[in-house]
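For the numbers below, each heavy atom of this structure counts, side chains included, while hydrogens, waters and symmetry mates do not. What you see is a predicted model; the values in this text were computed from it and never measured.
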Amino acid sequence: MRRFPLPLLILLPALLLAGCDLFGPEPVPLPPPKPAVVKDDPPKPLVAGVADLPLLAEPEATADRLGSLAQNEELLRFKTFQGFAYVEVRDTGAKGWVDNSLLMEQAAGPKPLPSGEDIPPEDGPSGSLPGPGPGPATDQEGPISETF
């Protein structure tokens with residue numbers, strides 16, 4: 001019987017197993033990564049939630065600063081992108097990007113004051129509470145208490 005060289009006996013199974021990987025099924029290509037989606041929203045009225053809110057040229061914290069917004073300045077938000085909102089300032093028409101987390105819903109307007117008919121009448125002839133008043137004011141000081 002003929003003997004095979006030992007290195008060939010070791011390499012032959014390794015080559016056969018490696019060949020299975022080379023001639024196996026075609027790998028399925030992965031789909032290309034999706035670009036970051038800009039979500040267009042219907043214009044929404046909001047206000048700046050902080051003073052000196054930066055109005056930026058791009059949706060990046062390091063983008064050029066176009067200006068700053070006062071607290072409670074009225075805005076219209078058109079779209080959001082990676083935590084930023086594209087807004088238009090109502091008073092000036094300036095447009096740019098701001099940190100979306102620093103925007104707030106518009107506060108409700110001031111509540112109307114009740115009419116004179118809705119105010120309950122005050123007690124007493126002059127509206128004062130019954131009983132003695134605080135007494136006359138004096139320049140003398142009372143005793144000082146040492147206990148705390």
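The side-chain heavy atoms of Val98 and Pro54, taken from C-beta on, include no pair separated by under 4.5 Å. Counting heavy atoms from C-beta outward, Leu75 and Glu88 have side chains that stay 4.5 Å or more apart.
Hydrophobic clustering (side-chain heavy atoms under 4.5 Å, transitive across Ile, Leu, Val, Met, Phe, Trp, Tyr) keeps Val89 apart from Val47. Under the 4.5 Å side-chain heavy-atom criterion for Ile, Leu, Val, Met, Phe, Trp and Tyr, Phe78 and Leu53 are members of distinct hydrophobic clusters.
For the atom pair Leu102 CG and Leu46 CG, the distance stands at 12.0 Å (nearest 0.5 Å). Of the inter-residue distances, the one linking Leu66 atom CG with Lys95 atom NZ reads 13.0 Å to the nearest 0.5 angstrom.
With sequence neighbours excluded, the residues forming a ring-ring contact (aromatic ring centres under 6.0 Å, His included) with Tyr86 are Trp97, listed by chain and number. Residues passing the side chain to side chain contact (heavy atoms under 4.5 Å, CB included) test with Asn100 are Arg77, Thr80, Ala85, Leu103, sequence neighbours excluded. Evaluation of the side chain to side chain donor-acceptor pair (under 3.5 Å) rule for Thr62 yields no partner, not counting sequence neighbours.
When all heavy atoms are compared, the tightest approach of Ala48 to Leu69 is CB-CB, 4.3 Å. Nearest heavy-atom pair, Leu56 versus Ala61, reported as atom, atom and distance to 0.1 Å: CD1-CA, 4.4 Å.
Residue pairs meeting the salt bridge (charged side-chain N to carboxylate O under 4.0 Å, His left out) criterion with at least one partner in residues 45-67, sequence neighbours excluded, are Asp52-Arg65.
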